[in-house]
Amino acid sequence: MFATPAFAQAAGSGGAASALTSFVPLILIFAIMYFLLIRPQQKRQKEHKAMIEAVKRGDQILTNGGIIGKVTRVKDDGELEVEISEGVRVRVLRSMVAQVLSKTEPVANT
C-alpha cells in the first residue's frame, strides 16, 4: 500500500532538464514575435524617417490629417510650409507628413 522510499525518490529526478524545457516555448514565442512584429515595425520607422528627411521644396505630400499640398518652403526647425490651394499656405511639422505623393526632379545646371 505504501510506496517505498527508493521509488518515491526516483520520481523527482531530472529537475534541471525540465526547467530548461519549460523555457524553450517562451524563447520560441519571443523569437516569433521579434521576427513577425518588432523587426518589420522598426524597418518601417527607418523608411518613414528617411522619407521625411528627404522632403524638399516642390514635393507633393499627404499629411496625417488628410491634407494634400505642395511644399513651398522647408525650414530647419522641423517645419514645412505647404500650399494647399492657390494663395493658401499652412505650416506643417515634418513629423505629420504621412506620405510623399510625388517628388520633384532636381534642376539640371546648364
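Just so it is clear, the model here is predicted, and its values are computed rather than measured.
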*asked:* Could you measure the distance from the CG atom of L93 to the NZ atom of K75? Nearest 0.5 Å is fine.
replied: 10.5 Å
*Would a 4.5 Å heavy-atom cut-off, applied to side chains only, mark R73 and V71 as touching?*
no
*Starting from the C-alpha separation in whole Å, work towards a yes-or-no answer on side-chain contact (heavy atoms from CB on, under 4.5 Å) for V55 and V100.*
CA-CA 8 Å; V55 170; V100 177; 3.8 Å; yes
_Spacing of K103 atom NZ and L101 atom CG [to the nearest 0.5 Å]_ = 11.0 Å
*Between N64 and A98, which heavy-atom pair has the shortest distance, and what is it?*
OD1-CB, 3.1 Å
*Looking at I52 and V97, what are the two nearest heavy atoms and their distance?*
CD1-O, 4.2 Å
*Side chains of L80 and R94 in contact at under 4.5 Å (non-hydrogen atoms)*: yes
*When clusters are formed by joining ILVMFWY residues with side-chain heavy atoms under 4.5 Å apart, either directly or through shared neighbours, do V88 and I61 land in the same one?*
yes
*Out of curiosity, L28 CG to F23 CZ, how far, rounded to the nearest 0.5 Å?*
13.5 Å
*Side-chain H-bond candidate by donor/acceptor type, R44 with Q41, under 3.5 Å*: yes
*Can you find a pair of side-chain heavy atoms, one from V92 and one from E79, that are under 4.5 Å apart?*
no
*Got V82 and I67 here, is their nearest side-chain heavy-atom distance under 4.5 Å?*
no
*Among K43, K49, M51, whose side chain to side chain contact (heavy atoms under 4.5 Å, CB included) with E47 holds?*
K43
_Can you give me the closest heavy-atom contact between T72 and R57, atom names plus distance?_
O-NE, 3.2 Å
*Is E81 salt-bridged to R91, cutoff N-O under 4.0 Å?*
no
*Considering residues, nucleotides and ligands other than D77, do more than 12 of their heavy atoms fall under 6.0 Å from its CG?*
yes
*What distance do S85 atom OG and K70 atom NZ have between them, rounded to the nearest 0.5 Å?*
13.0 Å
_Between CG on residue D59 and CD on residue Q99, distance to nearest 0.5 Å_ = 12.0 Å
*asked:* Within this structure, what is the CD1-CE distance for the pair I29 and M33, rounded to the nearest 0.5 Å?
replied: 9.0 Å
*How close do T21 and S18 get, heavy atom to heavy atom, and via which atoms?*
OG1-O, 2.9 Å
